[in-house]
> 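Dropping a structure here in structure tokens format, bear with me for questions.
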Amino acid sequence: MSVKTMLFHLQKSLFLLVFKESAFYTNVPHMTVEQLEKAYEAAKYEEKIYKEWEDAGAFNPDTLTKKRKESFTIAMPPPNVTGQLHMGHAAMLAIEDLMVRFERMRGKKALWVPGLDHASIATQNVVEKKIWKEEKKTRHDLGREEFLKRVDVFVQESKNVIRTQIKKMGASCDWSRERYTLDEGLSRAVRTMFVRMYEDGLIYRGNRIVNWCTRCASTLADDEVNYREERSRFYYLKYGPVVIGTARPETKFLDKVIVVHPDDTRYMEFVGKKFDVEWIDGKVQASVVADAIVDPAMGTGAMTITPAHSFEDFLLAQKYGFAVHQIIGMDGKMTEAAGGMAGMPVAECRAKVVERLQQKGLIDHIDENYVHNLSVCYRCDTPIQPLVSKQWFVAVDKKPKNGGKSLKARSIDAVRKEKITIVPDRFNKTYFQWMDNLHDWCISRQLWFGHRIPVWYCKGNQESGIGNHGTEKSPNSLFIIHDSKTCPPIVQIDPIKACPSCGSKELEQDPDTLDTWFSAGLWTFSTLGWPMNQSQSSGSGHATKKNDLQTFHPTSVMETGYDILFFWVARMIMMTTYALDEVPFKTVYLHGLVRDKFGKKMSKSKGNGIDPLDMIAKYGADAVRLSLIIGGTPGNDVRLYDEKIAGFRNFVNKLWNIGRFVLSQPSSSSERSESRSSLPAGRQVDQARTITLADRWILSRLQRVIVSVTDDCAQFRFSQAGERLRDFTWGDFADWYLEIKKIEGDPNDFLLSTFDFLLRLWHPYTPYVTEVLWEHLHETCNMKRETLLILAEWPKSEKKYIDIASENAFALLQKSVMVIRNARAIYRIPAATKLNVMIAARAQFSLFAENQSIIARLANLASCTVTKEAERPNDAVPLSVGKSVIYLLVGGIVDVVKEQERIKGEIEKQMAYVSNLEKKLSNEEFTKKAPAEIVEQERAKWEVAREELERLREFLA
RNA sequence: GGGCGGCUAGCUCAGUUGGUUAGAGCGUUACAUUGACAUUGUAAAGGUCACAGGUUCGAAUCCUGUGCCGCCCACCA
């Protein structure tokens, strides 16, 4: 007999079905999977499972089936080799692994390239500190070569630590393609890029004002400068005919130009004139110019300019051709421009200058509460000295000699023309704003650790332009880049033996290294083998796969924190669009910062950080992953704390126990499943022996979940997809479906196949526990496990299994149970008191008749009698469910007054709802203008609500 | 100075193009307890969706303004 005919017969029949409690215990199965511990012990499995994945070659797209056509690539943002991974990295890994696993299961050729960044300035600082602490030596004490050796030792250790940490998170990245920014291959890419850009006129060397960190003894890019609010003194100084304001009197030794606003009536008479002025070291001759750059409201509206130590003044000096004098040296001490104070540290000199000015009566007054932003180094927090020096720059506005648009124009186009989508899209605005304001990028760093600039200077002919610090020798002739007697610098990929201009063999390589973001900017394509396409060994000993660049570039998604949108993402777009004339990635997905429970940024110094490894050890990697994925949205910061992770650990444990239960059911035992070879869900519909309403309901719900989870993941809505899955798993599947299966006994394959699908759907989120359960699923069912879950197919939904009638029917069943439970709680009927219930089922007779035992069991009833129609029995509490009425036969237990109150309350609520709907439906504007289906929907709601209201009124009568 | 984000239940947060009687987790309250799971189950309480206007038949959602919190950029002679 088919299910349909069976249902038909049930509906036809009028007999009373009375549930007998004892019937339930005959089919209760016994556990067959005692070997599985009651609570999931993540630590027991994780390492083993990771190894299985690796051994199966699951991370390497080359070993996957040839059927995979479309590629999916993520270049992992390379962690710095400075040390430990933090929760930000963990978030990055969780999200990227989710994406890669999802796409891999969807049949794509999925590649996730792992790697590490040498992080020149950060790493050098760490190692310098370490050496100082242990040996009280500076890098200069060791010398360049020895120092770099020490760095290398540190880096090797650090790399191992980080690799292990990445693996602990379950990251399914292809270790055979691991890269390091200082690998030979990548270094070659860097040099190639440098030379190409130089030849294209996009890299130049020039004397310009730069941010100088005296502690790091290096330049910093504009975006490597942080600002710190500071209260300091602001000095008003008498300077000839005017009073000028400054916070830095120690820079003012050689100031000779007063600048005022052209419209400032106070100073108009002075413009264009010259004055002899008594100043720090005696008399100087000052001239006055007018320029609109001056803000008349600022200070006194008059200022003197110090071109070598202020960005704005430098621009002015260039504009008017004023001399540029270095006052503060690269070492943070005064130059000979300070006369008798040469060699003095800045702070000391300031005090001395102020003292002298005081003596000379040149101080008008001092503002003690001047608040301004002090620029500091983003690495070591040392105040920045803006100063002029000879550095290498990338020209962002210039068109390449070989044609095409400027770097800036290319980068803007890539996003504006939607070749790159930024998620969330509000960061488009931030990106454009930054790009619009971008100045030439200073790429040379006076560091030892990093990519050495591939430029050689000829020393044979004459003292060359070596030493960016030429200023130290001749502070007043800064604008000579190299004079005509000098051979031009030699810029090329590989070292050479002799100067091509003069043949001299006395060559010296530029001592500086490149900004770490220069190499990072090439990351998506240098890791794939550019500029060499053939098989070739890279420095780390891994082979560069042939055609990787062609197969996997542009990459699919760049997933990283929004805090490095400028540092890195923008640079990659700039460099890649120039080098390859294609975008580095199609989508940029920006995650937020991981913060502590109080919303504070986690940091080592504050000690408020949570170590991912501790959390993994305590709660398991799956729980940590969930806690970083669910509950947040892209671009917004997430708070993370112990209890939160514990909550997700609870869910993982729930999933585990769902597995234990499912696998303990007789349908999964081997004698039942001898012929079963696989479990693609859905197929069982045709094979199953008994199909119940619950089966059809769960199958239908599953289809919807597959659709929404797939769609959400494809749209990067990982949190939403996860919540949807959790609700389905814990609510629909565990709380309802499994409970009903216990009652129905004799479970069919729906149980197994739905569980099978659940494992697949959860796998990208919780790879470990699902893989363990997947193994047990196959073992228990005596099935051959064709693949690991990591390589299993992503579920597809099938429309034909969406069964609205069953969903509606099941919803009524659920409501019946909930309404009874609710009444029991309201009337404080103890759980031990088993109630009798009579249902006047009316049009839903067959539904209730067929499922009376389920209602009885779930609602904890002694008996459940289903009739078509029934008079209200005495002492019965009536409950309304759809068109049916449930009578709780409570005898004399219930307080009549209380019951009347309960019903009155419900009526009141219902009346408000109904009248609301009526108001809406009687509004012609609504019925006329709203879409027909919305109107219809509201009308349907109204009918149901009205009916319910009527029934409630009857109850009161 | 320019820009961005947040403000939704006690707490942490969802809420896809405007149409639900506004949701989840944690916490709280009450009840339950030997076979999947107490890392559990059942039920409940709890919200004028920051505020003020506007657009619309209809606004947590769109527009304008205000307030508070946070962030980014620029700049400070």
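Predicted, not measured: the structure shown is a model, and the values here were computed from it. Residue numbers start from 1 in every chain, and the chains themselves are labelled A, B, ... in the order their sequence lines are given, proteins ahead of strands.
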> What does K909(A) touch in the nucleic acid at a heavy-atom separation under 4.0 angstrom: a base, only the sugar-phosphate, or nothing?
nothing
> Which is true for D735(A) with a 4.0 Å heavy-atom rule: it touches a base, it touches only sugar-phosphate, or it touches nothing?
sugar-phosphate
> Could you check whether T300(A) gets within reach of a base, just the sugar-phosphate, or nothing at all, counting any heavy atom under 4.0 Å?
nothing
> For E938(A), which contact category applies under a 4.0 Å heavy-atom criterion: base, sugar-phosphate, or nothing?
nothing
> Throw together a table of side-chain donor-acceptor distances under 3.5 angstrom for residues 932-939 of chain A, partners on residues two or more places apart or in other chains.
unit_1  : atom_1 : unit_2  : atom_2 : d
E938(A) : OE1    : K920(A) : NZ     : 3.2
E938(A) : OE2    : K941(A) : NZ     : 2.8

> Using a strict threshold of under 4.0 Å (side-chain N to carboxylate O), is an ion pair present between E906(A) and K909(A)?
no
> Take atom C1' in G6(B) and the same atom in A60(B), then report the distance between them in whole Å.
14 Å
> Checking all strands, does G631(A) fall into the base, sugar-phosphate, or nothing category for heavy-atom contacts under 4.0 angstrom?
sugar-phosphate
> Just to be sure I understand the rule, does P830(A) reach a base, reach only the sugar-phosphate, or reach nothing, if contact means heavy atoms closer than 4.0 Å?
nothing
> Go through the structure and list residues passing ring pair (Phe, Tyr, Trp, His ring centres under 6.0 Å) with Y765(A), not counting sequence neighbours.
W762(A)
> Using only modelled atom types and a 3.5 angstrom limit, is any donor from either the side chain of R821(A) or the base of U42(B) paired with an acceptor on the other?
no
> Base, sugar-phosphate or nothing for I658(A)? Non-hydrogen atoms, less than 4.0 Å.
base
> Take nucleotides 5-12 of chain B nucleotide by nucleotide from the 5' end and write B, S or -, depending on whether a protein heavy atom sits under 4.0 Å from the base, only from the sugar-phosphate, or from neither.
S------S
> Could you tell me the separation between the CG atom of N657(A) and the C1' atom of C37(B), rounded to a whole number of Å?
3 Å
> Between C57(B), A30(B), A14(B), which nucleotide has the shortest distance from any of its atoms to the side chain of E925(A)?
C57(B)
> Pick base, sugar-phosphate or nothing for K38(A), based on heavy-atom distances below 4.0 Å to the nucleic acid.
sugar-phosphate
> Does NZ or CZ of K252(A) fall inside the cone over Y235(A)'s six-membered ring, less than 6.0 Å from its centre and within 45° of the axis?
no
> Using atom types as modelled and distance alone, determine if a side-chain donor or acceptor of D596(A) lies under 3.5 Å from a backbone N or O of G599(A).
yes
> Could you tell me how far A30(B) sits from A22(B) if I compare only their C1' atoms? Round to whole Å.
26 Å
> Under 4.0 angstrom, heavy atoms only, what part of the nucleic acid is T246(A) near: base, sugar-phosphate, or nothing?
sugar-phosphate
> Quick check: on RNA chain B, is the nucleotide nearest V294(A) upstream (toward 5') of the one nearest Q433(A), or the reverse? Name the residue that is more 5'.
Q433(A)
> Starting the side chain at C-beta, find the nucleotide from C57(B), C76(B), U16(B) nearest to N923(A).
C57(B)
> Tell me which donor-acceptor pairs under 3.5 Å the side chains of residues 238-247 of chain A have, and how far apart each pair is, sequence neighbours excluded?
unit_1  : atom_1 : unit_2  : atom_2 : d
Y239(A) : OH     : D255(A) : O      : 2.6
T246(A) : OG1    : R248(A) : N      : 2.9

> At 4.0 Å (heavy atoms only), tell me whether A832(A) reaches a base, stays on the sugar-phosphate, or touches nothing.
nothing
> What nucleic acid atoms does K429(A) come within less than 4.0 Å of, heavy atoms only: base, sugar-phosphate, or nothing?
sugar-phosphate
> Just N and O in the side chain of N822(A): are any of them under 4.0 Å from OP1 or OP2 of A44(B)?
yes
> Check this for me, if you would: do K44(A) and E37(A) make a salt bridge, where the nitrogen-to-carboxylate-oxygen distance has to be below 4.0 angstrom?
yes
> Has W730(A) got a side-chain N or O lying under 4.0 Å from the OP1 or OP2 atom of A24(B)?
no
> Of the options A43(B), C57(B), A14(B), whose atoms approach the side-chain atoms of E723(A) most closely?
A14(B)
> Closer than 4.0 Å, any side-chain N/O of N860(A) to the OP1 or OP2 of A32(B)?
no
> Between K597(A) and D642(A), is the closest basic N to carboxylate O distance under 4.0 Å?
no
> Using atom P in both nucleotides, what's the gap between C69(B) and C49(B) to the nearest angstrom?
23 Å
> With hydrogens left out and only the distance checked, is there a donor-acceptor pair under 3.5 Å joining Q720(A)'s side chain and the base of A24(B)?
no
> When the C1' atoms of C37(B) and G46(B) are compared, how many Å lie between them, rounded to an integer?
28 Å
> Write out the stems for RNA chain B, ordered by first number and formatted as range with range, counting runs of at least 3 consecutive Watson-Crick or G-U wobble pairs under 3.5 Å.
B:1-7 with B:67-73, B:10-13 with B:23-26, B:28-32 with B:40-44, B:50-54 with B:62-66
> According to the side-chain hydrogen bond (donor to acceptor under 3.5 Å, both in side chains) rule, which pairs have a member within residues 621-640 of chain A, sequence neighbours left out?
D97(A)-R625(A), R426(A)-N636(A), Y562(A)-D637(A), R595(A)-D637(A), T633(A)-N636(A)
> Could you check T304(A) against N226(A) and say which one's nearest nucleotide on RNA chain B is further toward the 5' end?
N226(A)
> For E312(A), which contact category applies under a 4.0 Å heavy-atom criterion: base, sugar-phosphate, or nothing?
sugar-phosphate
> Is F648(A) touching bases, backbone alone, or none of the nucleic acid, heavy atoms closer than 4.0 Å?
nothing
> With ring centroids as reference points, do Y589(A) and H591(A) lie under 6.0 angstrom apart?
no
> Would you say the side chain of L590(A) lies within less than 4.5 Å of the side chain of P634(A), judging by non-hydrogen atoms?
no
> Checking all strands, does R726(A) fall into the base, sugar-phosphate, or nothing category for heavy-atom contacts under 4.0 angstrom?
sugar-phosphate
